[in-house]
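Inspection log for the structure reproduced underneath, given as structure tokens.
Keep in mind the model is a prediction, meaning the values are calculated, not measured. Here is how names work: the chains are called A, B, and so on, in the same order as the sequence lines, proteins then strands, and each is numbered from 1.
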Amino acid sequence: MEPIIKVDQVSKSYSKKLVLDDININIEPGKIYGLIGPSGAGKTTLIKMMVGMENADKGLIRVLDKRMPNLEVLQDIGYMAQSDALYNELTGEENLKFFAALFKLKKSEQKKRISYAADLVNLNHELRKKVSAYSGGMKRRLSLAVSVIQDPRILILDEPTVGIDPELSFSIWNELQRLKIEEGKTIIVTTHVMDEAAKSDFIAMIREGRIITRGTPQQLIESYQVNNLEGVFLKAGGRNSCE
Amino acid sequence: MRISALIKRICQQMLRDKRTLALLLLAPLFILSLMYFIFNGNTVEPRLGVVNINKSLIQVLKNANIEVVEYQQAANETIIADKLDGLLKMNQEKLELTLQNSDPTKSKVLLMKVNQAAALQVKSSQNIPAVVPKLPNVETKYVYGNSETSFFDVLSPILVGFFVFFFVFLISGIGLLRERTTGTLERLMSTPIRRGEVISGYLLGYGIFAIIQTIVVALFSIKILDIVLVGSIWNVLLINLLLAFVALSLGILLSTFAASEFQMIQFIPIVIIPQVFFAGIFPLEGMADWLQSFGKIMPIYYGADALKGVMYKGWSISQITDDIFALVLFAAVFIILNTFALKKYRKL
């Protein structure tokens, strides 16, 4: 299948420090793609480039066959950063409405999408509350709802489950699976929790700006002859080699 | 449509933040009223102690609005104990004046009055008729204002402009900074909105509140505090509005360089306070040339000049075109810089 996101020989450095070194990734549509690695490995930089927030020093990123950065493509990308990035003075509904308006949804469609998104994250009874009265988990769920508001084909989520309880993290992963299966969305997730990463269809492990190994979780565990992804990461990283 | 969504959101946020709204609308009125009462207080007559001074000189001093207290003997301690502003002694046919000098302006006034009185006294004692001569009657005319003009009348146009500038700067700067630190600005930039749309949205959204504030402050000072307004109120509103837009765009721009609210506050002594010095509260003519040209890079310099011109001197719009042009230029430069600063969040 033709990749929906194509990262081609991308390098990036900040003030002479190399953050990403010759990265090549092809992401197929309708899959959950996990980017795994410790903090500071360059995951966030990489996905910011996919959204067009950062420029690559070398190489090329194409999303939906358009070279990034590209404003039109952003209509098809739902992005959720590490911080919840919500307006606390506004209600949940007003937050959703605001972002829906930025994506130029029509009034009737806005309503439909807002109730769909709120339903997805189980917030339809809390929409009239101000976000400042939300719990941490509710904020994270609203943040996820905002990222799917315009019905994007691609979802890019930066550490969506960091700092939330296991139950909520479980339910977010369930929602992601549902979005993939029922709506055929392509989902890119960064995480440093290996157990969660196992739920992705395809994994790339990043360390110090380089991809140290990649494959489906099953493939990786088998080829490295270990019990879990943690073992894969340690072994792959320990050998200090690319695949 | 995206711009209107932004405007709507800013209005919703502001209207729910009652304290910030109060700061924007009421704080300037409070400070202006306070200054009005402070500057319109009555001037106190200086108190002068005298020792061994002849009656005619005392009379001249009293005529010059000096409260005279006579002593048989007095020393520096008397000045402090009796709260005198000065002590005048006759020492071997020579006058000797000791000033308390805790307030130099008061001292200068007293010194001047005593000198005048002494000079008059000498003259009259030489010209046999020992009657106190009347001061020659000079008919006084004023180019601007009248004999009732107080310092506050000259100061208030500057203050009106300054408060509009200061509060708009503070609120827009911190408002945008909060968006940067909470990540909402980044999220905004992950949508297909254009950088120009973001800047216009913020300018118009906060601009609405700046307009309301400008109108409230200008009307309050003119109608209630009865500040002199010779020129047109529309020109006053225009200048204040331009000042507000300069403050708005400058606040947004500087928030780029602040990592926290505290760092935003740190811009006040660097960016805001120096502007006060060049606003015309202190005379600019006496300043060194380099200092004067330094003042010309400050927006309030132009705003205050135009406001003083319109409100106090009754200038028409044609006399303030240079100032208006300068303010528009400032706003335009800051707005353009802002659209570039947003590249930090998205490269397109």
Report yes or no: is the cationic atom of R9(B) (NZ for Lys, CZ for Arg) under 6.0 Å from the centre of the six-membered ring of Y87(A), at an angle within 45° of the ring normal?
yes
Trace of the side-chain contact (heavy atoms from CB on, under 4.5 Å) decision for E89(A) with Q12(B)
CA-CA 8 Å; E89(A) 301 90 344; Q12(B) 281 174 332; over 6 Å; no
Which answer fits M80(A), side chain, backbone, both or neither, if we ask what part of it has an atom under 4.5 Å from a heavy atom of chain B?
both
In terms of heavy-atom proximity below 4.5 Å to chain B, should L86(A) be classed as side chain, backbone, both, or neither?
both
For N88(A), is it the side chain, the backbone, both or neither that has a heavy atom under 4.5 Å from a heavy atom of chain B?
neither
Would F103(A) and R2(B) count as a side-chain contact (heavy atoms from CB on, under 4.5 Å) here? Give the steps.
CA-CA 8 Å; F103(A) 287 106; R2(B) 288 190 187 118; over 6 Å; no
Run the numbers on T191(B) and Q150(A) for side-chain contact (heavy atoms from CB on, under 4.5 Å), then give the verdict.
CA-CA 10 Å; T191(B) 72; Q150(A) 83 275 30; over 6 Å; no
Under 4.0 Å between a Lys/Arg side-chain N and an Asp/Glu carboxylate O for E54(A) and K344(B)?
no
When P192(B), A5(B), S4(B) are compared by non-hydrogen pairs under 4.5 Å with chain A, the top option
P192(B)
Between atom CG of L90(A) and atom OG1 of T184(B), what is the distance when rounded to the nearest 0.5 Å?
10.0 Å
Would you say the side-chain atoms of R187(B) and S83(A) include a donor-acceptor pair closer than 3.5 Å?
no
With rounding to the nearest 0.5 Å, note down the distance linking OG in S190(B) to CD1 in I77(A).
9.0 Å
For G52(A) against R346(B), the heavy-atom pair lying closest together:
O-CG, 3.3 Å
Counting heavy-atom pairs under 4.5 Å with chain A, which one of I193(B), L6(B), D17(B) comes out on top?
L6(B)
Please flag which part of N95(A) lies under 4.5 Å from any non-hydrogen atom of chain B: side chain, backbone, both or neither.
neither
Could you tell me which non-hydrogen atom of R16(B) sits nearest to which non-hydrogen atom of T91(A), and how far apart they are?
NH1-N, 3.9 Å
Which atoms of E94(A) are under 4.5 Å from chain B, going by heavy atoms: the side chain, the backbone, both sets, or neither?
side chain
Mind checking the CE-NZ spacing from M49(A) to K347(B)? Nearest 0.5 Å is all I need.
9.5 Å
Are more than 12 heavy atoms, taken from residues, nucleotides or ligands other than K97(A), located less than 6.0 Å from that residue's NZ atom?
no
Please check if atom CZ in F325(B) has more than 12 non-hydrogen atoms from other residues, nucleotides or ligands closer than 6.0 Å.
no
Taking every heavy-atom pair that is under 4.5 Å apart, which of K8(B), E179(B), M1(B) has the most such pairs with chain A?
E179(B)
